[in-house]
Amino acid sequence: MRDPLPNPAGPLVDVPWLAAHAGDPRVRVVDCRWYLGGRRGADEYARGHIPGAVHLDVDADLSGPAQAGPGRHPLPDAAAFARVLARIGVAPDSLVVSYDDAGGAIAARLWWLLRYFGHGGGRVLDGGLNAWTAAGHPLSTEAPAIPEAPAMELTPGGAPVVDKAAVDTLRRDPAAVILDARARERYEGKSEPVDARPGHIPGARSAPFADNLRAPSGPFRERAEIERRYRDLGALEASKVVCYCGSGVTACHDLLALALLGRADAILYEGSWSDWARDPALPAAAGPEP
């Protein structure tokens, strides 16, 4: 009988934990590198990744077809996501440790999807690839041969989601808080590289995911700092908290930070700004917060 796998209590694992347990067949390490334009995550994975890691792509593996739902990265359906997990050998008792080179901004999407589909084994490597190499650990260029696992029966709904109609109602509710995880220049409408129009959802507060980190692409801030940040944003006392970004990917980083603070009830706006901005009937605001 195998020894019990030490199970990190929270959604993060650190480099020493992963270095000690990455070889355990119950641990599945997933490289989630992905970029909005230019570089391809699969190419970066091929150049070097944490030994034993597999690669999953945001577009192909962690989203449904763009035409099948709201925004640029709608949620995959249960059967499709089950096939993805089976392909990389994930079983019900697996611990799935995701990482990227962006401080967890992309890796958090996999953590959140696992929660949404009822698998409690999702974790994010704090500090990601940069922390791994900074600790002196090697990278590999070999793709591991992992036996496919039986496809699990997944059920959506393990984490809350809302659509644009619900957000349009909640933005008028003084007891609710809506957080925009994009960079401030996108929130303020100074820059919009990909979506239909610039700006933000009226009433939303600017909460860039990068401010959860000690440094760009670095590890998370200390818990007390994160708590102070989200308290100042009004998210800890709000009746409901909704997080959005451009397409529902980096918003998961804010959701992860809130989960660290015990607010696992925070809600993802699935379509995010890419959904809201394409609907001319919905208003957009620009500039900094009042």
Side-chain angles (χ1 to χ4, degrees), residues 2-35 39-58 62 88-90 93-114 120-146 208-227 229 249-250 252-261:
R2 291 186 294 188
D3 293 331
L5 180 65
N7 191 350
L12 298 176
V13 300
D14 59 19
V15 167
W17 187 96
L18 185 60
H21 300 291
D24 191 302
R26 293 164 292 183
V27 175
R28 184 64 60 238
V29 185
V30 182
D31 186 312
C32 292
R33 281 179 284 178
W34 178 86
Y35 309 95
R39 289 187 295 167
R40 294 177 65 248
D43 294 337
E44 298 301 317
Y45 169 83
R47 291 187 184 102
H49 52 265
I50 292 176
V54 296
H55 181 261
L56 291 181
D57 179 74
V58 166
L62 305 182
I88 64 170
V90 174
D93 65 344
S94 297
L95 270 178
V96 184
V97 180
S98 57
Y99 74 88
D100 55 36
D101 57 1
I106 312 302
R109 170 77 169 200
L110 178 54
W111 163 81
W112 187 89
L113 282 173
L114 287 162
R123 302 292 185 272
V124 172
L125 178 61
D126 195 17
L129 191 69
N130 299 339
W132 179 266
T133 56
H137 296 296
L139 299 181
S140 172
T141 57
E142 296 182 9
I146 296 173
F209 77 83
D211 288 358
N212 294 325
L213 304 173
R214 299 180 202 174
S217 302
F220 272 76
R221 294 181 184 273
E222 295 296 329
R223 180 191 169 95
E225 294 180 82
I226 297 173
E227 183 172 357
R229 180 189 187 211
V249 176
T250 60
C252 295
H253 200 274
D254 278 4
L255 293 168
L256 191 155
L258 286 162
L260 285 168
L261 302 176

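Basis for what follows: all heavy atoms, side chains included, without hydrogens, waters or symmetry-related copies.
- Remark: Arg223 pairs with no residue by the side chain to side chain donor-acceptor pair (under 3.5 Å) rule, at least two apart or across chains.
- Here the CG-CZ distance, from Leu95 to Arg123, works out to 5.5 Å after rounding to the nearest 0.5 Å.
- For the side chain to side chain donor-acceptor pair (under 3.5 Å) test, no residue two or more places apart in sequence or in another chain qualifies with Asn130.
- Classification of the His49-Tyr45 ring pair by plane angle, with boundaries at 30° and 60°, yields parallel.
- Between Leu256 and Leu12, the closest side-chain pair of non-hydrogen atoms falls below 4.5 Å.
- Asp100 meets the side chain to side chain donor-acceptor pair (under 3.5 Å) test with no other residue; sequence neighbours excluded.
- Atoms CD and CG, on Glu225 and Asn212 in that order, are 11.0 Å from each other to the nearest 0.5 Å.
- Looking at Leu62 and Trp34, their side chains never come closer than 4.5 Å, going by heavy atoms from C-beta outward.
- By the ring-ring contact (aromatic ring centres under 6.0 Å, His included) test, Phe220 pairs with His253, sequence neighbours left out.
- Nearest heavy-atom pair, Val15 versus Ala135, reported as atom, atom and distance to 0.1 Å: CG1-CB, 3.9 Å.
- For Asp101, the side chain to side chain donor-acceptor pair (under 3.5 Å) test picks out Tyr35, with sequence neighbours left out.
- The salt bridge (Lys or Arg N to Asp or Glu O under 4.0 Å) pairs that include a residue from residues 7-20 number zero, where partners must be two or more places apart or lie in different chains.
- Minimum interatomic distance between Ala105 and Phe209 (heavy atoms only, all atoms of both residues): CB-CE1, 3.3 Å.
- Trp132 places a side-chain heavy atom less than 4.5 Å from the side chain of Leu18.
- Judged purely by atom type and a 3.5 angstrom limit, Arg221 uses its side chain to pair as donor or acceptor with the backbone of Leu213.
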Hey, mind stepping through Asp31 and Ile50 against side-chain contact (heavy atoms from CB on, under 4.5 Å) and telling me if it holds?
-> CA-CA 8 Å; Asp31 186 312; Ile50 292 176; over 6 Å; no
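- Contact record, Ser98 with Cys32: CB-SG, 3.8 Å, taken as the closest heavy-atom pair.
- For Ser94 against Gly89, the heavy-atom pair with the smallest separation is OG-O, 4.1 Å.
- Panel note: side chain Ser140, backbone Glu142; a donor-acceptor pair is recorded below 3.5 Å.
- Arg214 has its side chain within reach of Glu222: a pair of non-hydrogen atoms, C-beta onward, lies under 4.5 Å apart.
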Stepwise side-chain contact (heavy atoms from CB on, under 4.5 Å) test for Ile146 and Ile88 | CA-CA 6 Å; Ile146 296 173; Ile88 64 170; 5.6 Å; no
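- Contact check for Pro11 versus Val124: no side-chain heavy atoms found under the 4.5 Å cut-off.
- Considering CG of Leu129 and CZ of Arg33, their distance stands at 5.0 Å, rounded to 0.5 Å.
- Across Trp112 and Cys252, no two heavy atoms sit closer than the pair CB-SG, 3.7 Å.
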